[in-house]
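Worth knowing before you read on, the calculation uses all heavy atoms, side chains too, and leaves out hydrogens, waters and symmetry mates.
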Amino acid sequence: MDRTFVGTPASPGIVVGPVHLLRWEVPEVRHRIVGDEAIPEEIERLHNAFAAAKDRLRHVRARTAEHAGPEEAAIFDAQIAMLEDETLLAEVESNIRQNYGAEKAFDLVMLEHRQHFARHAQAMLRERVGDLTDVHIRVLSLLLGLPDHDPVDVPKGAHAILVTHDLTPSLTVQLDRDAIVGIATDAGTRTSHVAILARSLGLPAVLGLRDATSRLTGTERVVLDGSVGVLVVNPTEAEIEEYRRRAHSEAEELAELRQFATAEPITRDGVRITIFANVDLPEEADSAAGSGAEGVGLMRTEFLVVGRAVNPDEDEQYRAYARVVDAFGGRPVVIRTFDVGGDKLPASGYPTEANPFLGWRAIRMCLDEAEFFKVQLRALLRAALHGDVRIMLPLVVTLDEVRQVRTLLSEARSELALRGAKFRPDVPLGVMVETPAAAMAADTFAAEVDFFSIGTNDLVQYTLAVDRGNANLASRFTPLHPAVLRLIQRTCEVAVAADLELCVCGEMASEPLMAFALIGLGLRQLSVAPRSVALVKRVITTVRAEAAASAATEALAAPTAAVAEQGLRRRFIAEFGDAPFLRDRVAGGLAGSFVS
């Protein structure tokens with residue numbers, strides 16, 4: 001076996017530890033016919049598997065509640081309830097009495113249930129598919145005698161590297177940072193949800209390894225390098241020492257960068273750029289506020305519904321938003337409404353769709369589920385009393401959607417007033433520009449919104465027709481494609497003409513070469529991961545906006561993303577002079593995960 005797996009660097013850092021191999025997928029079940037005399041034994045096997053699965057889920061729930069909280073642990077209640085459903089048990093027993101082996105009898109029933117629920121007209125029932133799949137995997141694993149590798153089993157202090165095909169919500173809520181120190185997955189890219197989550201948790205991660213779960217046994221020791229994107233299997237002591245030396249060097253480089261956290265982000269020719277932070281979880285608020293950011297350009301709110309069995313009520317949401325707003329002490333906090341769908345699925349499932357990124361997601365789902373959406377809007381209006389809150393709408397493609405949201409906001413205000421709740425009525429409302437439609441029609445929104453924000457992750461995906469989570473297409477996910485750059489330029493021109501604030505909050509803004517390009521395209525607000533604030537400030541204070549504009553003009557005229565990158569890299573390096581750290585990183589292809 002090749003000792004080095006090469007994937008996509010998704011979250012920086014170097015860690016060494018044992019593999020915790022998690023194969024969380026429905027196993028194949030062969031068709032097994034049993035004789036009449038074996039039917040009672042098969043039914044007993046089924047009952048034992050159900051009982052063992054319930055015991056296991058109660059254990060998982062308790063451990064999850066201990067390190068992630070009771071709300072997150074509640075995701076497993078629905079699965080326990082399924083295993084206590086007498087009707088489900090009776091259906092499987094009926095199949096066994098038709099001479100099917102217990103595992104095949106259960107498999108057939110679960111496949112039928114999952115298909116039925118996936119097509120159901122009621123969204124709440126469609127959302128049960130994820131729970132059904134988890135139960136399907138768990139019971140079949142017991143019936144087939146397969147190993148149980150829940151991440152909840154990893155003991156604290158194990159310093160294990162989790163290797164799995166992908167991270168589902170039910171697996172994510174079990175992650176214990178005292179046990180898991182790194183993540184490696186077969187699927188995913190740098191802009192998929194698991195990558196964003198890993199960076200949020202500060203866990204080194206390598207994604208897109210394709211077949212690591214099938215080639216590893218779980219007995220290996222590995223080095224995971226989330227900065228370069230490799231997983232080294234059973235390294236020698238000399239190799240471990242070299243990686244530790246590199247980890248120490250990276251730590252020194254980060255320490256050097258921290259001095260820029262408090263620097264004024266002004267280019268060498270006097271152009272000021274505002275730097276905001278992206279916040280994924282309320283727990284990050286204090287560290288993000290101390291990162292040198294001037295506010296929050298994107299607070300993601302999916303954490304409230306992803307990995308949960310029950311939707312959060314208004315008070316829980318209000319507390320989460322208020323915590324972040326309070327941490328930033330009056331600085332702007334842009335909160336994005338639920339962007340659920342695509343690769344950010346609720347724990348209890350989601351409608352099965354052929355093209356989920358083009359399907360029922362984000363603002364579309366929220367507008368269709370108006371009562372669910374108004375709970376969030378009321379919580380946001382209340383949290384706005386704590387500071388400068390701004391509401392941002394994801395995946396908007398038509399002005400009609402903005403107008404519908406304004407109607408719901410008006411209803412939310414009336415409902416709060418009716419019950420005597422305190423709230424701020426005049427919260428600014430903005431839209432994310434994430435599709436070619438929104439960018440090309442940006443002028444149609446300008447008169448009815450308060451600000452724009454470009455979500456580069458989805459803008460690249462939709463412009464280039466490349467699934468951002470597909471590891472096979474990672475090399476085609478190229479933000480420097482001329483079409484993407486022109487759509488960003490178009491949005492910037494509209495914002496300037498309408499005197500609207502415009503920020504870029506996608507992952508593109510966190511990368512030095514990309515930040516240089518964005519400044520050149522005219523962007524004056526960037527929102528980045530908290531740990532990237534100092535790095536991006538270092539870029540800003542080193543370059544000239546005039547040089548960035550010249551480089552961007554050249555990139556806009558380039559025939560391909562590769563040519564655009566070459567030109568930008570050459571001009572970028574020329575700007576740094578005696579700044580070898582950043583110069584070397586860019587020369588070495590820092591942006592390679594985007595434009596290789």
Atom pair CZ/CE of F452 and M392 - distance to nearest 0.5 Å: 13.0 Å
Gap between atom CZ of R61 and atom CG of D77 - 0.5 Å precision: 4.0 Å
Residue pairs fulfilling salt bridge (charged side-chain N to carboxylate O under 4.0 Å, His left out) with at least one residue in residues 383-395, sequence neighbours excluded: D388-R390, R390-E501
Which residues share a side-chain hydrogen bond (donor to acceptor under 3.5 Å, both in side chains) with D368, sequence neighbours left out: W360
Set of residues satisfying side-chain hydrogen bond (donor to acceptor under 3.5 Å, both in side chains) with respect to D166, sequence neighbours excluded: none
Test: D450 and R406 ion pair at under 4.0 Å: yes
Nearest-0.5 Å distance, OG1 of residue T274 to CD of residue E294: 5.0 Å
Pair I275-I540, side chain to side chain contact (heavy atoms under 4.5 Å, CB included): steps then yes or no: CA-CA 10 Å; I275 303 297; I540 292 165; 3.4 Å; yes
Distance (rounded to the nearest 0.5 Å) between C503 SG and L298 CG: 8.5 Å
Closest non-hydrogen atom pair, L257 against A534: O-CB, 3.3 Å
side-chain hydrogen bond (donor to acceptor under 3.5 Å, both in side chains) partners for D286, two or more places apart: none
Check: Q259 side chain, E256 main-chain N or O, donor-acceptor pair, under 3.5 Å: yes
Residue pair D313, R319: steps toward the salt bridge (Lys or Arg N to Asp or Glu O under 4.0 Å) verdict: CA-CA 10 Å; D313 63 21; R319 290 192 298 270; 5.1 Å; no
Qualifying side chain to side chain donor-acceptor pair (under 3.5 Å) pairs with a residue from residues 412-428, counting only residues at least two apart or across chains: E314-R419, K374-E415, R378-E415, R424-D426
Which side-chain N or O atoms in residues 393-403 pair as donor and acceptor under 3.5 Å with protein atoms at least two apart or in another chain?
| unit_1 | atom_1 | unit_2 | atom_2 | d |
| --- | --- | --- | --- | --- |
| T398 | OG1 | D400 | N | 3.3 |
| E401 | OE1 | V397 | N | 2.8 |
| E401 | OE1 | T398 | N | 3.2 |
| R403 | NE | E448 | OE1 | 3.1 |
| R403 | NE | E448 | OE2 | 3.3 |
| R403 | NH2 | E448 | OE2 | 2.6 |

Side-chain donor/acceptor of T541 to backbone N/O of R538, under 3.5 Å: yes
Verdict with supporting geometry, F373 and V405, side chain to side chain contact (heavy atoms under 4.5 Å, CB included): CA-CA 9 Å; F373 189 29; V405 172; 4.1 Å; yes
Test: D176 and K156 ion pair at under 4.0 Å: yes
Residues in side-chain contact (heavy atoms from CB on, under 4.5 Å) contact with A441, at least two apart in sequence or another chain: T444
Point-to-point distance, once rounded to the nearest 0.5 Å, from OG1 of T491 to CD1 of I454: 4.5 Å
Derivation and outcome, side chain to side chain contact (heavy atoms under 4.5 Å, CB included), residues L487 and M440: CA-CA 7 Å; L487 291 172; M440 293 306 297; 3.6 Å; yes
Reported OG1-to-CD distance for the pair T337 and E302, which is rounded to 0.5 angstrom: 8.5 Å
Partner set under side-chain hydrogen bond (donor to acceptor under 3.5 Å, both in side chains) for S227, not counting sequence neighbours: E250
Evaluation steps, side chain to side chain contact (heavy atoms under 4.5 Å, CB included), between T435 and D458: CA-CA 7 Å; T435 65; D458 273 342; over 6 Å; no
side-chain contact (heavy atoms from CB on, under 4.5 Å) partners of A370, counting only residues at least two apart: L408
Residues in ring pair (Phe, Tyr, Trp, His ring centres under 6.0 Å) contact with F338, at least two apart in sequence or another chain: F372
Any pair counted as side chain to side chain donor-acceptor pair (under 3.5 Å), so long as it reaches residues 325-335, sequence neighbours left out: D326-H386
Counterpart residues, ring pair (Phe, Tyr, Trp, His ring centres under 6.0 Å), relative to F516 (two or more places apart): F572
